Structure formats: C-alpha cells, structure tokens
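These notes concern the structure reproduced below.
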Amino acid sequence: MASLSLKINGETRTVNASPDTPLLWVLRDELDMVGTKYGCGIGQCGSCTVHLDGNAVRSCQLPISSLEGKEITTIEGLSEAGDHPVQLAWKEVDVPQCGYCQAGQIMTASAFLEQNPNPSNAEIRNAMHGNICRCASYNRIERAVALAAKKNA
C-alpha cells in the first residue's frame, strides 16, 4: 500500500492503495465516486472514461502511481449542476436507454468537443466509435454531440 495524492475534480485527495491499482477502482471503492462505470476492464468499451489533463482516457487502464501531478476529471466533476452543454444536449435528445454507458459517452464527447468545437458528423462518429452502447443509441449519441457543439458555438 502506498499513500498517493491525486487531483480529482479540482480537489487533492489522498488515497492509500497499491500503486498498480487502476484509477477506476480507487474512484469507485476508495472515494465512493461511482459515476465512472466498470464495463470491460480492458479499455475497450469506454464506460470508465474520465479526463486526464483534458483528454479522454480509460480509467480501468491507469495505475494510480502514474497519476500524481495530473488533473483528473470524472463525470461528477464535469459540471456540479449537471449543466455542461453535453449533459444538456443528452437530456434534450433523450439519449439514454439503460444509461450504463452514458457517463463514459459524455466524458468522451466533452473532451472531443474541447479539441474540436465545430465537428462534422463524420468526425463525431469517429470520435465516439470507441464507446460501446449496449442499447445501440448511437444515432441519438451523435445527434446529442452535434447539438452540444451548436450550444457551445
């Protein structure tokens, strides 16, 4: 066990865990931040997506020992009031069915729109293709990302 300081959602948090523990499990089990979901455990599905220094990354693949000095943002930290443009677009388009993948989808979309605020439909599809939705809400996801881009413009 090691004591590590992680900057999560703008707040420094000290955690005691093995250095090779994936961030996902520290968030969920140690810090009770359960918005980030476990999906596959191998970085393929996107349910565990968080931002690391503004980039969308899979938290199930990040050992906490590699994260000191980095800025981590989870779905809980994206917007305290739930009024981030992507979250608002998600509600307006009524994207979720089961909702399980939605935090990861939203985190991927918000990081993508920070880097590409005026994307084409093809760019949206390409950016979001790595996130799996078991309910196959892909068309609504793409519409919501496009709407969020317009809300940000």
Side-chain angles (χ1 to χ4, degrees), residues 2-119 124 127-133 137 140-142 144-153:
S3 181
L4 296 163
S5 293
L6 302 175
K7 190 170 183 186
I8 302 172
N9 299 332
E11 183 180 323
T12 300
R13 307 287 297 265
T14 301
V15 296
N16 293 306
S18 174
D20 62 347
T21 303
L23 174 62
L24 172 65
W25 299 117
V26 170
L27 293 172
R28 292 184 61 79
D29 296 343
E30 302 297 322
L31 301 175
D32 199 32
M33 300 176 81
V34 296
T36 304
K37 305 297 185 206
Y38 171 79
C40 67
I42 58 172
Q44 298 278 315
C45 74
S47 291
C48 69
T49 301
V50 298
H51 295 172
L52 182 63
D53 291 336
N55 296 305
V57 295
R58 308 298 201 241
S59 64
C60 72
Q61 298 294 293
L62 292 173
I64 59 170
S65 61
S66 69
L67 302 175
E68 283 197 275
K70 307 278 185 187
E71 178 68 39
I72 301 160
T73 305
T74 68
I75 190 70
E76 293 91 346
L78 188 61
S79 167
E80 227 175 269
D83 60 357
H84 186 280
V86 174
Q87 291 170 311
L88 295 174
W90 240 249
K91 291 175 192 173
E92 190 171 327
V93 174
D94 196 22
V95 171
Q97 284 186 36
C98 81
Y100 196 83
C101 71
Q102 297 310 301
Q105 299 274 3
I106 289 168
M107 294 305 286
T108 297
S110 59
F112 166 66
L113 290 175
E114 281 295 317
Q115 296 170 2
N116 185 350
N118 190 23
I124 291 170
M128 300 303 296
H129 88 278
N131 287 68
I132 296 172
C133 176
S137 296
R140 288 194 309 253
I141 290 166
E142 290 174 15
V145 176
L147 178 60
K150 288 178 187 168
K151 287 182 180 289
N152 263 348

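For this chain, numbers begin at 1 and follow the sequence in order. A quick note: this is a predicted structure, and the numbers were derived from the prediction, not measured.
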So do [Y] and [X] actually touch side chain to side chain, heavy atoms under 4.5 Å?
X: Leu23; Y: Val57; answer: no
X: Ser110; Y: His51; answer: yes
X: Thr108; Y: Arg58; answer: yes
X: Ile75; Y: Gln102; answer: no
X: Val95; Y: Gln105; answer: no
X: Pro119; Y: Leu113; answer: yes
X: Asn16; Y: Glu30; answer: no
X: Trp90; Y: Val145; answer: yes

To the closest 0.5 Å, what do you measure between [atom1] ([X]) and [atom2] ([Y])?
X: His84; Y: Lys151; atom1: NE2; atom2: NZ; answer: 12.5 Å
X: Gln87; Y: Leu78; atom1: CD; atom2: CG; answer: 5.0 Å
X: Cys133; Y: Met128; atom1: SG; atom2: CE; answer: 10.0 Å
X: Glu71; Y: Asn9; atom1: CD; atom2: CG; answer: 7.5 Å
X: Ile72; Y: Leu67; atom1: CD1; atom2: CG; answer: 4.5 Å
X: Leu24; Y: Gln61; atom1: CG; atom2: CD; answer: 10.0 Å

Show the nearest heavy-atom pair for residues [X] and [Y], with the distance to one decimal.
X: Arg28; Y: Val34; value: NH1-O, 2.8 Å
X: Pro22; Y: Cys60; value: CB-O, 3.4 Å
X: Ala149; Y: Pro117; value: CB-O, 3.6 Å
X: Asn152; Y: Pro85; value: OD1-CG, 3.0 Å
X: Ala89; Y: Ala144; value: CB-O, 3.2 Å
X: Leu88; Y: Gly82; value: CD2-O, 4.1 Å

Donor-acceptor pair, side chain of [X] and main chain of [Y], under 3.5 angstrom:
X: Tyr100; Y: Tyr38; value: yes
X: Glu76; Y: Gly35; value: yes
X: Asn131; Y: Gly104; value: yes
X: Asp20; Y: Pro63; value: no

Other residues, nucleotides, ligands: >12 heavy atoms within 6.0 Å of Glu68 CD: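 Yes, enclosed.
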Within 6.0 Å of CG in Asp83, more than 12 heavy atoms from elsewhere: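 Result for CG/Asp83: enclosed.
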Donor-acceptor pair between Asn55 and Gln115 side chains, under 3.5 angstrom: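 Distance-only check passes for Asn55 and Gln115.
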Between Arg13 and Ser5: side-chain donor-acceptor atoms closer than 3.5 Å: no
Steps toward side-chain contact (heavy atoms from CB on, under 4.5 Å) verdict (Phe112, Ile124): CA-CA 8 Å; Phe112 166 66; Ile124 291 170; 3.9 Å; yes
